[in-house]
K.L.:
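Handing you a structure now.
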Amino acid sequence: MDKNQVTGLLEEIAVLLALKEGSSVFEIRAYENAARAVGSLEGNLEQLVKEGKLKGTPGLGSTMIKRIEEAVETDHILFRDELVANTPQVKLDMSRIPGLGPKRINTIYQQLNVNSLAELEQACKDDRVAHIPGFGKKTQEKILQGLEFLSQHSDRYLYDVAEAEAERIRAALAEQPGVVRLQIAGSLRRRRETVKDIDMVLSVDDQAGSDVRRAIMDFFTSQPSVKAITGKGDTKSSVVLNSGIAMDLRLVNDSQFPYTLHHFTGSREHHIPLRRRALSMGMTINDYGLFKVENGDETLVPCKDETDIYHALKMDYVEPELREDMGEIDAAARHALPELVQESDLRGVLHAHSTWSDGQNSIRDMAEACIARGYSYLGMCDHSRAAAYAGGLSPDDLKRQGEEIDKLNEEYAGRFHILKGTECDILRDGALDFPDDVLASLDFVVASIHSNFNLSQEEQTQRMLRAIANPYVDIIGHATGRILLGRPGYPIDLDQVIDGAAQHGTCIEINAHPSRLDMDWRYVRKARDKGIKIPVNPDAHSVAGIDVMRYGIGIARKGWLRPEDVLNTLDFEALMTFFHVRRSKK
DNA sequence: GCCGTTTTCGGCCCGACTGTTTTCAGTCG
């Protein structure tokens, strides 16, 4: 059992414990901490267990080490299995209802004897929930709304959907009188691939009157995209937008803005060690300020922005994308954070489709769109013949497409370059869909899996590794095939894939399409650490599809990528040299 | 369950909001 699976089991135990009566919240937290501790361990977990190297890891005491050893050696944690056996499924289901936590779940379960969400819904409609002591009409109504929400939408939204919603409201609010600072916070600011809700922080002058504040809140809750108002006050208002996304707006005095913005940007995982660090330095931090604590007295440490907050804690500024407790606190303290790649560092587009296969625009249209966006090259990667559903090209088609590209390149006369490429299918056995001589005739090759998703993890991994070892494969496309909120990726051991790619000098793309954002940022960093070059690819099927590059950049930044780690920050000459050198080494 | 110049007990990150109460528990980020 590997690191991820053990992390998953420990997290599961934390949830199960929370749903068990009489659990200690500190025991629950200990499992959450242990899961994080295991997740951030360096190296192979089995190896670490064998060599007894877990001892001394913060967060892992003797019990946790025993549990981890058990998991690695037997693929089970008996303690977890017992918890599962004793936890009714309906409790786990209820934990997905917004606003319903473990305490009230247990109360409902005890008092009403419900065994499914459908029975819970009926209990609400029968007015039985409202009669539980400590509950009431509003709570019951909220549970009904929560159930409705669950059935209507899965509770997460794609980044691009949420960003568009948030940006529309941000732009409107920015025009309001009295607004000093205004920023999107939360997981959206951290550029998570999916988000649960939208957080926004707004400041007014410290001397602003309540009329100004109320006017802003009124304006917010009356936005056309607001479907329902779920809370309204002078400092916080909550709404549900037409798309179903929940949104909170916090309104603070401008002097509080940096602290509040920081607090609501999160992540929770980032804040826990940060607060611990503050405590160790005689300070305490919350959404209203950073305070020096002396003899029980708190004095505010003045900060004009988030940079000041981190500096006061003797750290470098931590970009929001990095605030995930993935080692950024330590790196910021050691002044060792990476200079993150930006969209403006990108020089060209690799992996785009045209009407030759399933794209909507001609090669010329795609090239012109790239030029208009300031790029200096375009790598055409239409599908190969196995992808019949996408109008995959035969070797002969590919040759004729190459002639069209040659003509266009002549026209552009060095001002812009189109690369001849392919998104070649990786067949079931790991062979490529084109023979080597066809691949050799191209400038570069992207290879992707589009079929046989149901192989075992071992088979899928070996299939991928064989493709990686092909000397003509330069880039692996969308490494897991996942569709966010749609389907999980095919089972594959990405650690092995990354090792293989590092060994053969093969690149792994970040597919910038907002439904893919694959390879996942948690693995992007691992790949970077092994020296793998990572292109940010739009997988564009139209001119508009080129504009997704910025979502890919968000993921690149979450993966700690610097400009030099991203393949398409190279200019055209350097890129061609990179491909030539790769092939001549084989 | 973890941790320790307050070391083997007694803490553990913090505060607002909501809905229920009439002083507070539960949830969230």
Side-chain angles (χ1 to χ4, degrees), chain A residues 10 13-14 17-18 20 23-37 54-68 77 79 94-108 129-143 145-146 155 185-190 192 195-201 229-238 246-252 256 259-280 283-291 293 298 323-325 329:
Chain A
L10 294 174
I13 290 175
L17 276 176
K20 187 183 156 189
S23 296
S24 145
V25 288
F26 300 109
E27 188 182 353
I28 296 164
R29 192 178 298 168
Y31 278 96
E32 289 168 350
N33 288 340
R36 259 197 311 282
L54 293 181
K55 203 158 176 252
T57 307
L60 302 182
S62 59
T63 305
M64 291 301 177
I65 290 179
K66 245 185 275 166
R67 304 257 192 258
I68 295 162
I77 298 178
F79 181 58
M94 282 195 274
S95 67
R96 289 167 51 230
I97 299 173
L100 211 50
K103 293 275 165 58
R104 290 205 283 219
I105 288 174
N106 278 322
T107 307
I108 292 173
V129 172
H131 285 93
I132 303 172
F135 285 63
K137 283 270 182 206
K138 292 214 170 162
T139 304
Q140 177 170 278
E141 188 51 36
K142 222 175 152 190
I143 291 171
Q145 281 171 4
D155 63 349
S187 49
L188 203 53
R189 183 167 179 233
R190 301 199 314 277
R192 290 289 292 245
V195 303
K196 206 171 155 198
D197 48 27
I198 298 168
D199 291 295
M200 210 173 284
V201 181
I229 300 167
T230 47
K232 193 169 171 187
D234 284 351
T235 61
K236 176 190 171 185
S237 290
S238 305
M247 174 170 176
D248 287 346
L249 176 68
R250 316 260 165 181
L251 192 158
V252 297
Q256 285 170 352
Y259 312 105
T260 308
L261 175 66
H262 181 261
H263 180 81
F264 287 105
T265 295
S267 67
R268 182 191 159 83
E269 286 70 23
H270 176 77
H271 282 171
I272 290 170
L274 196 71
R275 284 179 172 155
R276 204 168 288 142
R277 180 180 175 85
L279 281 182
S280 75
M283 290 185 269
T284 178
I285 186 168
N286 60 44
D287 52 329
Y288 283 116
L290 175 66
F291 301 94
V293 185
E298 294 187 348
R323 299 180 198 171
E324 301 285 359
D325 191 27
I329 304 247

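If you're wondering where the values come from, they're calculated on a predicted model, not measured in any experiment. Hydrogens, waters and symmetry mates are skipped; everything else that's a heavy atom, side chains included, is used.
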K.L.:
Just how far, in rounded Å, is P of B:dG1 from CZ of A:Arg36?
P.N.:
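Going from CZ in A:Arg36 over to P in B:dG1 covers 18 Å.
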K.L.:
Considering only atom P, compute the distance from B:dC9 to B:dG15 and round it to an integer number of Å.
P.N.:
30 Å
K.L.:
Of all the choices, B:dG29, B:dG15, B:dG1, which nucleotide is nearest to the side chain of A:Tyr288 once you look at every atom?
P.N.:
B:dG15
K.L.:
Nearest to the A:Phe264 side chain among B:dT20, B:dG1, B:dG29, which nucleotide is it?
P.N.:
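For the A:Phe264 side chain, the nearest candidate turns out to be B:dG29.
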K.L.:
Using a 4.0 Å heavy-atom cut-off, does A:Pro58 contact any base of the nucleic acid, only the sugar-phosphate backbone, or nothing at all?
P.N.:
sugar-phosphate
K.L.:
So do the side chains of A:Arg323 and A:His262 get within less than 4.5 Å of each other, counting heavy atoms only?
P.N.:
yes
K.L.:
Within a radius of less than 6.0 Å around NZ of A:Lys103, do more than 12 heavy atoms belonging to other residues, nucleotides or ligands occur?
P.N.:
no
K.L.:
Can you identify which nucleotide, out of B:dG1, B:dG26, B:dG29, has its nearest atom closest to the A:Asp199 side chain?
P.N.:
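Side chain of A:Asp199 sits closest to B:dG29.
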K.L.:
Using heavy-atom distances to pick each residue's nearest nucleotide on DNA chain B, tell me which of A:Gln140 and A:Ile105 is more 5'.
P.N.:
A:Gln140
K.L.:
Could you work out the separation of B:dT21 and B:dT27 based on their P atoms and round it to a whole Å?
P.N.:
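Pairwise P distance, B:dT21 against B:dT27, rounds to 15 Å.
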K.L.:
Tell me which nucleotide among B:dG19, B:dG29, B:dG1 gets nearest to the side chain of A:Thr139.
P.N.:
B:dG19
K.L.:
Using the rule salt bridge (Lys or Arg N to Asp or Glu O under 4.0 Å), only one of A:Arg268, A:Arg36, A:Arg192 pairs with A:Glu324; which is it?
P.N.:
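It is A:Arg192; the other options fail the test.
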K.L.:
Roughly how many Å is it from CZ in A:Phe135 to P in B:dA25, rounded to a whole number?
P.N.:
15 Å
K.L.:
Please work out if A:Gly231 contacts a base, only the sugar-phosphate, or nothing of the nucleic acid, heavy-atom cut-off 4.0 Å.
P.N.:
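Contact class for A:Gly231: sugar-phosphate only.
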K.L.:
Within the structure shown, what part of the strands sits under 4.0 Å from A:Lys137 by heavy-atom distance: base, sugar-phosphate, or nothing?
P.N.:
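Here A:Lys137 touches the backbone only, sparing every base.
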K.L.:
When all nucleic acid strands are considered with a 4.0 Å heavy-atom cut-off, which category describes A:His263: base, sugar-phosphate, or nothing?
P.N.:
base
K.L.:
Roughly how far apart, to the nearest Å, are B:dG26 and B:dT20 at atom C1'?
P.N.:
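After rounding to an integer number of Å, I get 10 Å for this pair.
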K.L.:
Could you work out which one of B:dG26, B:dG1, B:dC14 sits closest to the side chain of A:Thr284?
P.N.:
B:dC14
K.L.:
Round to the nearest Å and state the distance from A:Asp287 atom CG to B:dA16 atom P.
P.N.:
7 Å
K.L.:
Would you mind reading off the distance between A:Leu60 atom CG and B:dC3 atom P, rounded to a whole angstrom?
P.N.:
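Going from CG in A:Leu60 over to P in B:dC3 covers 7 Å.
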K.L.:
Would you indicate what A:Arg67 reaches in the nucleic acid, counting non-hydrogen atoms under 4.0 angstrom: base, sugar-phosphate, or nothing?
P.N.:
sugar-phosphate
K.L.:
Using the P atom as the point on both nucleotides, what is the distance between B:dG1 and B:dT6, in whole Å?
P.N.:
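B:dT6 and B:dG1 have their P atoms separated by 27 Å.
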K.L.:
Would you say A:Leu261 and A:Arg189 make side-chain contact, with heavy atoms under 4.5 Å?
P.N.:
yes
K.L.:
Go nucleotide by nucleotide along DNA chain B from the 5' end; which of A:Asn286 and A:Thr265 gets its closest nucleotide reached first?
P.N.:
A:Asn286
K.L.:
Considering every strand and a 4.0 Å limit on heavy-atom distances, what is the contact class for A:Leu100: base, sugar-phosphate, or nothing?
P.N.:
sugar-phosphate
K.L.:
When the P atoms of B:dG10 and B:dA16 are considered, how many whole Å apart are they?
P.N.:
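Rounded to whole Å, the distance is 30 Å.
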K.L.:
Give me the distance, rounded to whole Å, that separates B:dC3 from B:dT7 when you measure between the C1' atoms they each carry.
P.N.:
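The same atom, C1', in both gives a distance of 9 Å.
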K.L.:
Have a look at A:Ser62 and say if it touches a base, only the backbone sugar-phosphate, or nothing, with a 4.0 Å heavy-atom cut-off.
P.N.:
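It contacts sugar-phosphate atoms only.
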K.L.:
Does any nucleotide pair with B:dT27 by Watson-Crick or G-U wobble geometry, both distances under 3.5 Å, and what is it?
P.N.:
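When the pairing criteria are applied, B:dA16 turns out to be the nucleotide that pairs with B:dT27.
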K.L.:
Base, sugar-phosphate, or nothing for A:Arg268, non-hydrogen atoms under 4.0 angstrom?
P.N.:
base
K.L.:
Taking CD1 from A:Ile97 and P from B:dT18, how many angstroms apart are they, rounded to a whole number?
P.N.:
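My rounded result for the distance is 20 Å.
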K.L.:
Is the backbone N or O of A:Asp248 less than 3.5 Å from a side-chain atom of A:Ser238, with the two atoms forming a donor-acceptor pair by type?
P.N.:
no
K.L.:
Rounded to the Å, how far apart are A:Asp248 CG and B:dT27 C1'?
P.N.:
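From A:Asp248 CG to B:dT27 C1': 13 Å.
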K.L.:
In this structure, how many angstroms lie between the P atom of B:dC9 and the CZ atom of A:Phe26, rounded?
P.N.:
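Computing the A:Phe26:CZ to B:dC9:P distance gives 18 Å.
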K.L.:
Using atom types as modelled and distance alone, determine if a side-chain donor or acceptor of A:Ser23 lies under 3.5 Å from a backbone N or O of A:Leu17.
P.N.:
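Yes; at least one donor-acceptor contact below 3.5 Å.
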K.L.:
Ignoring backbone atoms, establish whether A:Thr63 has a side-chain N or O less than 4.0 Å from OP1 or OP2 of B:dC2.
P.N.:
yes
K.L.:
Taking the side chain as every heavy atom from C-beta outward, state whether A:Tyr259 and A:Val252 have any pair of such atoms under 4.5 Å apart.
P.N.:
no
K.L.:
How far does the C1' atom of B:dT8 sit from the matching atom of B:dC2, given to the nearest Å?
P.N.:
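The answer is 12 Å between these two C1' atoms.
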K.L.:
Mind checking A:Gly266 for me? I need base, sugar-phosphate or nothing, with any heavy atom below 4.0 Å counting as a touch.
P.N.:
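Here A:Gly266 touches no strand at all.
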K.L.:
Figure out the NE2/P separation between A:His262 and B:dG29, and round it to whole Å.
P.N.:
17 Å
K.L.:
Any heavy-atom pair between the side chains of A:Ile272 and A:Asp325 that's under 4.5 Å?
P.N.:
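A side-chain contact under 4.5 Å is absent here.
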K.L.:
Side chain of A:Leu279, heavy atoms from C-beta onward: which of B:dG26, B:dC14, B:dG29 has the nearest atom to it?
P.N.:
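So the side chain of A:Leu279 is nearest to B:dC14.
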